[in-house]
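Just below is one structure, and these are the notes that go with it.
Proteins come first, then strands; the chains are lettered A, B, ... in the order of their sequence lines, and each starts at number 1.
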2 protein chains.
Amino acid sequence: MQNFSIGKLSEQTGCKIPTIRYYEDEGLIQQPYRTEGNQRRYNREHLKRLSFIMHSRELGFTLDEIRELIGLSNNEHVGHDADLIAEKHFQSVERKIARLQSLSKELRNMLDACSHAETDRCKVIEALFDHSLCLNEH
Amino acid sequence: MQNFSIGKLSEQTGCKIPTIRYYEDEGLIQQPYRTEGNQRRYNREHLKRLSFIMHSRELGFTLDEIRELIGLSNNEHVGHDADLIAEKHFQSVERKIARLQSLSKELRNMLDACSHAETDRCKVIEALFDHSLCLNEH
DNA sequence: TCTTGAACCTCTAGTTACTAGAGATTGTAG
DNA sequence: CTACAATCTCTAGTAACTAGAGGTTCAAGA
């Protein structure tokens with residue numbers, strides 16, 4: 001099923017219609033084909049791209065970072081350049097995974113605790129506290 | 001080392017000064033002690049809280065979601081209520097981890113490919129494309 | 001103790017990433 | 001060939017910051 005309207009794209013992805021148009025203005029989504037009457041018509045590539053953007057946003061990437069990731073996927077950067085960008089994102093992704101795993105563990109603990117006991121002080125905040133930030137005192 | 005200025009807090013965490021004041025206005029950070037001359041003085045609790053907020057933001061949580069997580073940590077919700085909130089966040093965290101792992105794998109592949117070969121079309125976008133979103137066609 | 005410049009204060013206005021609404025045009029089921 | 005839902009553009013509003021103006025406070029050094 002190709003050539004669908006902005007309403008269908010919005011429905012399929014859960015992305016609001018004005019947001020889709022905004023991403024187009026920002027150059028994050030390829031300009032779609034237009035009907036005689038100037039209405040947008042999308043295909044599977046647009047769907048894939050929009051899905052990528054939405055997930056990236058949920059994961060905390062900025063639009064500029066997403067632009068860079070799209071560039072990588074399109075082989076717009078070559079060799080060393082691409083290497084550096086990919087490495088940078090790889091490291092930030094690994095850090096995010098580590099933090100989320102720590103948070104996940106604390107939430108899991110909470111759920112386990114709540115089911116049988118009562119007031120165990122939860123350590124959700126400690127989970128994402130970066131101890132390397134401690135002010136110097138020992 | 002207790003009782004430090006907003007400048008020191010900013011330096012320790014990497015959070016800009018106006019942002020720290022903004023989080024205070026939003027009730028995300030406890031109001032700090034003020035000197036005679038009305039200047040803010042912070043302690044380790046503030047540092048921990050701010051560090052948590054910053055990491056949560058990087059991980060894509062909204063300020064409202066962060067408020068909820070802080071509420072959990074403070075035992076402001078009890079029993080079933082807390083359970084539901086924790087469960088909701090636990091699931092969203094697990095989904096984020098899965099997506100980041102997929103993205104991490106693709107970036108790793110890119111880095112490995114770049115080091116020996118040349119133009120392998122990267123699958124960064126496919127990594128975060130949710131196939132359950134596919135339009136119906138088979 | 002007194003000075004003086006860096007750091008802090010509040011308040012207003014600008015930026016990014018959306019989101020909602022007004023008013024006009026187009027697409028399509030009946 | 002209607003009629004009305006969906007689309008169009010454009011302007012303005014929201015969330016989460018961020019920068020700057022104009023004024024006050026803090027603390028190191030004379």
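Scanning for side-chain hydrogen bond (donor to acceptor under 3.5 Å, both in side chains) contacts around A:R57 gives an empty result, with sequence neighbours left out. For A:E68, the side-chain hydrogen bond (donor to acceptor under 3.5 Å, both in side chains) partners two or more places apart in sequence, or in a different chain, are A:K88, A:H89. B:Q30 meets the side-chain contact (heavy atoms from CB on, under 4.5 Å) test with B:E45, B:H46, B:R49; sequence neighbours excluded. Under the side-chain contact (heavy atoms from CB on, under 4.5 Å) criterion, A:Y22 pairs with A:E26, A:L63, not counting sequence neighbours. Remark: A:D25 pairs with no residue by the salt bridge (charged side-chain N to carboxylate O under 4.0 Å, His left out) rule, at least two apart or across chains. With sequence neighbours left out, the side-chain hydrogen bond (donor to acceptor under 3.5 Å, both in side chains) criterion links A:S102 to no other residue. Residues satisfying the side-chain hydrogen bond (donor to acceptor under 3.5 Å, both in side chains) test with A:S104, not counting sequence neighbours, are B:E94. Under the side-chain contact (heavy atoms from CB on, under 4.5 Å) criterion, B:E24 pairs with B:Q31, B:P32, B:R34, B:R40, B:Y42, not counting sequence neighbours.
Between B:K123 and B:N109, the closest side-chain pair of non-hydrogen atoms is not below 4.5 Å. Under the 4.5 Å side-chain criterion, counting only non-hydrogen atoms from C-beta, B:F52 is not in contact with B:S73. Under the 4.5 Å side-chain criterion, counting only non-hydrogen atoms from C-beta, B:I66 is not in contact with B:Y23. Counting heavy atoms from C-beta outward, B:F61 and A:L103 have side chains that approach closer than 4.5 Å.
The nearest whole Å value for the distance from the CZ atom in B:F4 to the P atom in D:dA27 is 15 Å. Atom pair B:I17:CD1 and C:dA7:C1' shows a separation of 8 Å (rounding to whole Å applied). Summarising the geometry, the separation between CG on B:L9 and P on C:dC9 is reported as 11 Å, rounded to the nearest angstrom. Atom CG of A:N3 is separated from atom C1' of D:dT7 by 15 Å (rounded to the nearest Å). The nearest whole Å value for the distance from the CG atom in B:D25 to the C1' atom in D:dC17 is 12 Å.
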Please list, for nucleotides 3-5 of chain D, all pairs of protein and nucleotide N/O atoms separated by less than 3.5 Å.
none

Polar atom pairs between nucleotides 19-23 of chain C and protein, under 3.5 Å, N or O only, would you list them?
residue, atom, partner, partner atom, Å
C:dT19, OP2, A:T19, OG1, 2.9

So which protein nitrogen or oxygen atoms get under 3.5 Å of nucleotides 26-30 of chain C's nitrogens or oxygens?
residue, atom, partner, partner atom, Å
C:dG27, OP1, A:T35, OG1, 2.9
C:dG27, OP1, A:G37, N, 3.2

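Across the interface with DNA chain D, nearest-nucleotide mapping of B:Y23 and A:I6 shows A:I6 to be the residue nearer the 5′ end. Where B:I53 and A:R34 meet DNA chain D, the nucleotide closest to each residue was compared, and A:R34 sits on the side nearer the 5' end.
Between B:R40 and the phosphate of C:dC8, there is no side-chain N or O to OP1/OP2 separation shorter than 4.0 Å. The side chain of A:R57 contributes no N or O atom lying less than 4.0 Å from OP1 or OP2 of C:dA17.
Against DNA chain D, the stretch residues 61-71 of chain B makes heavy-atom approaches under 4.0 Å through B:T62, B:L63.
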- Task: Start with the C-alpha gap between A:R99 and B:L59, add the side-chain angles, then the distance that decides, and say whether side chain to side chain contact (heavy atoms under 4.5 Å, CB included) holds.
- Result: CA-CA 8 Å; A:R99 284 173 185 159; B:L59 296 171; 3.9 Å; yes
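A:L111 and B:L72 fall within a single hydrophobic cluster, where Ile, Leu, Val, Met, Phe, Trp and Tyr are joined by side-chain heavy atoms under 4.5 Å apart, directly or via other members.
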